[in-house]
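Protein chains get the first letters and strands the later ones, always in sequence-line order, with residue 1 at the start of each.
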2 protein chains.
Amino acid sequence: MTLLEKLQAELTRLSKSERKVAEVVLAEPQATLHKSIASLAQQAAVSEPTVNRFCHSLGAKGYPDFKLQLAQSLAQGTPFVNRHVDQSDTTQSIVEKIIESTMASLNVTRRSLDIAAMDRTVEAFLQAPRISFFGLGASASVAHDAHNKFLRFDTPVQFSDDTLMQKMAAINAKPDDVLVFISHTGRTKVLCEVAALARESGATVVGITAADSPLAQECATVLATHVPEDTDLYMPMASRIAQLVLIDALVTSFTLKKGPEIHEKLRLIKETLRDSRYEKKDIRDLP
Amino acid sequence: MTLLEKLQAELTRLSKSERKVAEVVLAEPQATLHKSIASLAQQAAVSEPTVNRFCHSLGAKGYPDFKLQLAQSLAQGTPFVNRHVDQSDTTQSIVEKIIESTMASLNVTRRSLDIAAMDRTVEAFLQAPRISFFGLGASASVAHDAHNKFLRFDTPVQFSDDTLMQKMAAINAKPDDVLVFISHTGRTKVLCEVAALARESGATVVGITAADSPLAQECATVLATHVPEDTDLYMPMASRIAQLVLIDALVTSFTLKKGPEIHEKLRLIKETLRDSRYEKKDIRDLP
DNA sequence: GAATAAATGTAATTTAGCAACATAATTTGA
DNA sequence: TCAAATTATGTTGCTAAATTACATTTATTC
């Protein structure tokens with residue numbers, strides 16, 4: 001149990017004066033870290049030894065030790081739990097919560113990723129005469145991102161968030177072509193239809209989607225992403241980050257497997273792009 | 001950056017004696033918490049003021065403050081550090097490294113975000129007759145994502161990854177319109193030009209980009225994202241996640257500030273989208 | 001309502017941290 | 001290579017912070 005939790009729990013056990021101290025600490029724990037025992041005593045309107053006794057009551061060896069434990073307690077935060085945002089949240093707490101949810105999602109991804117499926121996918125990419133990424137809505141931007149990344153290589157790559165185009169592409173897919181379907185829920189009807197068409201064309205169908213979803217059933221390989229309960233009004237944002245990270249990993253693995261000769265090409269691309277950028281040293285010279 | 005990360009990073013900057021202190025601290029950080037300045041000095045075989053100076057070198061206000069920061073740093077848990085991928089990596093280790101880098105990036109973002117700037121941006125959004133998101137290359141998909149999110153509200157929103165379109169949009173921007181420019185480096189020339197045009201139109205220009213970059217200079221409000229050294233061949237992937245999270249936070253804050261009446265609309269949208277999806281119970285019935 | 005126990009405050013003591021100064025080591029320029 | 005300047009480190013003594021011991025107040029019990 002961290003100090004702050006202990007403080008909450010044993011608030012009633014404390015004597016009157018000690019509780020006054022506790023309240024000051026709980027009101028702004030972060031600020032307490034930079035207070036001396038004297039100023040804390042003053043703010044709580046108690047004497048210094050009372051503060052000291054308060055520290056001992058909480059199991060600390062003294063005031064400095066108390067501050068140390070408080071610091072650790074604060075840094076601990078709530079470790080990566082999905083906490084829902086509500087009306088009372090400040091911008092600060094919104095950021096905290098979103099980042100923590102994202103981290104929670106990443107942790108789940110790390111633990112649950114099917115490495116074998118990823119390897120199969122990369123192998124398929126290496127063989128493929130053409131790679132396509134399809135997604136709709138929020139997943140469209142993930143597909144878009146994947147497309148951007150693969151543009152750096154010499155394998156032709158396409159992306160679409162237009163269902164008609166997707167259907168045409170799916171019908172025209174050749175064996176060995178890899179078509180990657182991205183969907184958070186895996187339940188979007190049209191996308192499932194497109195995936196079915198692709199499968200019928202004999203191409204390799206890969207899904208970045210929820211396991212056991214209708215879309216997953218159309219796929220030869222499923223890179224499952226964890227779908228947290230969507231109890232919120234706010235969009236499922238964290239899981240999309242997991243999709244992106246998954247794609248990052250695919251690209252990175254792909255790059256490595258392509259071998260060193262690809263590096264020269266990447267360097268060249270970088271070189272070329274440099275012309276469209278301001279150099280770092282230019283900063284001072286700008287208007 | 002937490003104190004331990006900083007300590008790792010600036011180890012070379014430190015003077016000989018200070019490094020001795022650093023080594024003792026790094027050897028057993030946890031134990032250091034319960035040492036006085038005197039005993040730490042003794043163990044490092046240096047004088048007390050040297051330890052004090054060491055603390056100041058790391059940005060602490062003194063020895064007690066140093067211990068406080070160290071305590072927080074330790075409580076943070078595994079310090080997610082950017083580890084570069086190399087040829088010898090397995091798919092598993094690639095995933096690990098990418099996730100850790102992403103988490104590191106998120107941690108940095110959490111600590112360094114300018115909340116006031118975010119609040120200003122949300123206020124501007126609330127006033128705006130129109131919101132636009134512009135990005136190029138990898139940042140285009142981030143802009144794309146932002147666009148998707150804002151489509152849920154009644155404020156007109158546009159997105160473009162086409163520089164000509166962007167320019168036209170910038171020129172036609174009206175005062176109170178908000179134009180958000182997304183760029184990892186903030187050094188892409190065309191995007192800076194577009195931002196300049198937008199500024200001349202009198203619209204509110206917001207940048208999600210590196211602080212102190214040319215693009216940042218064109219912006220009324222900058223939501224700075226941390227740019228790690230791009231020593232790698234592989235793309236700057238982690239920082240893009242930070243941009244996305246930032247946008248998530250903006251959208252969420254925007255939603256909350258819009259008040260409860262927006263919730264009905266969001267519910268309606270959700271309801272409508274449901275028709276395009278397979279119901280959960282349908283899974284077993286599928287072919 | 002006195003006696004006792006508990007809580008709180010006062011004053012003195014101790015200790016830790018730090019600034020100012022002194023000295024040593026290193027770098028720089030001729 | 002050596003002197004000057006700069007930087008790094010150590011010594012001393014002061015200040016402030018934390019703690020202990022003791023006194024006083026406040027609550028509790030019979």
Side-chain angles (χ1 to χ4, degrees), chain A residues 3-4 6-7 9-74, chain B residues 3 6-74:
Chain A
L3 188 128
L4 268 176
K6 207 186 292 178
L7 189 47
E10 299 189 17
L11 206 86
T12 50
R13 284 178 198 275
L14 296 174
S15 73
K16 202 165 26 162
S17 298
E18 287 181 8
R19 198 163 326 147
K20 280 199 265 180
V21 181
E23 271 153 22
V24 173
V25 173
L26 286 172
E28 32 177 25
Q30 192 69 46
T32 308
L33 291 180
H34 300 292
K35 284 178 194 151
S36 72
I37 195 168
S39 62
L40 179 55
Q42 195 198 334
Q43 289 196 310
V46 297
S47 70
E48 298 185 23
T50 299
V51 175
N52 201 295
R53 281 186 280 263
F54 159 83
C55 298
H56 281 98
S57 306
L58 288 159
K61 288 183 77 176
Y63 183 68
D65 186 46
F66 164 79
K67 286 213 290 191
L68 243 45
Q69 289 190 239
L70 180 62
Q72 296 197 324
S73 180
L74 284 173
Chain B
L3 189 125
K6 207 187 291 178
L7 189 49
Q8 293 274 12
E10 299 190 18
L11 206 86
T12 50
R13 283 179 200 276
L14 296 174
S15 72
K16 203 166 21 162
S17 299
E18 287 181 4
R19 198 164 325 148
K20 281 198 264 180
V21 180
E23 272 152 22
V24 173
V25 173
L26 286 172
E28 34 177 22
Q30 192 69 46
T32 308
L33 291 181
H34 300 292
K35 284 179 193 151
S36 72
I37 195 169
S39 62
L40 180 56
Q42 195 198 331
Q43 289 195 310
V46 298
S47 70
E48 297 185 22
T50 298
V51 174
N52 199 298
R53 282 186 278 263
F54 160 81
C55 298
H56 280 99
S57 306
L58 288 160
K61 287 183 77 177
Y63 184 68
D65 186 46
F66 164 80
K67 285 213 288 192
L68 244 45
Q69 289 190 240
L70 180 62
Q72 298 198 333
S73 181
L74 284 172

May I have the distance from B/Arg19 (atom CZ) to D/dA8 (atom P), rounded to whole angstrom? 12 Å
Nearest heavy-atom approach of A/Leu68 to B/Ala71 is O-CB, 3.9 Å
Just how far, in rounded Å, is P of D/dA8 from CZ of B/Phe54? 15 Å
Tell me whether the OP1 or OP2 atom of C/dT8 has a side-chain N or O from A/Thr50 closer than 4.0 Å. no
Heavy atoms of B/Leu58 and B/Phe66 approach each other most closely as CD1-CE1, 4.0 Å
Per atom distances to the B/Glu18 side chain, the nearest of D/dT9, C/dC18, D/dA17 is D/dT9
Where is the tightest heavy-atom contact between B/Leu14 and B/Glu18, given as atom of each residue plus distance? CD2-OE1, 3.3 Å
Just to confirm, is there a sub-4.0 Å distance from OP1 or OP2 of D/dT7 to any side-chain nitrogen or oxygen of B/Lys16? no
By nearest atom, which of the nucleotides D/dA18, C/dG9, C/dG17 is closest to the B/Ile37 side chain? C/dG17
Using a cut-off of strictly less than 4.0 Å, decide whether A/Asn52 has a side-chain nitrogen or oxygen near OP1 or OP2 of D/dA18. no
Go through C/dT8, C/dG17, D/dA18 for me and flag the one nearest to the A/Ser17 side chain. C/dT8
Would you say a side-chain N or O of A/Ser15 is under 4.0 Å from OP1 or OP2 of C/dT8? yes
I need the CZ-P distance between B/Arg53 and C/dA20, as an integer number of Å. 12 Å
Whole angstrom is fine here: how far is it from NZ in B/Lys20 over to C1' in D/dA8? 12 Å
A/Ser36 has its side chain closest, among D/dT9, C/dC18, D/dA18, to D/dA18
Between C1' on D/dA18 and NZ on A/Lys61, what's the gap in Å once rounded to a whole number? 14 Å
In whole Å, I'd like the distance from the CD atom of B/Glu48 to the P atom of C/dA16. 9 Å
Identify whether any heavy atom of A/Val46 sits under 4.0 Å from a base atom; if not, whether one sits that close to sugar-phosphate; answer base, sugar-phosphate or nothing. sugar-phosphate
Among the candidates C/dC18, D/dT20, C/dT8, find the nucleotide nearest to the side-chain atoms of A/Pro49. D/dT20
Looking at CD of A/Gln72 and CG of B/Leu33, how far apart are the two atoms once the value is rounded to the nearest 0.5 Å? 5.5 Å
Rounded to whole Å, the OH-P distance (A/Tyr63 to D/dA16) equals 17 Å
To the nearest 0.5 Å, tell me how far A/Lys35 NZ sits from A/Glu28 CD. 4.5 Å
d(NE2, B/His56; C1', C/dC18) in whole Å: 8 Å
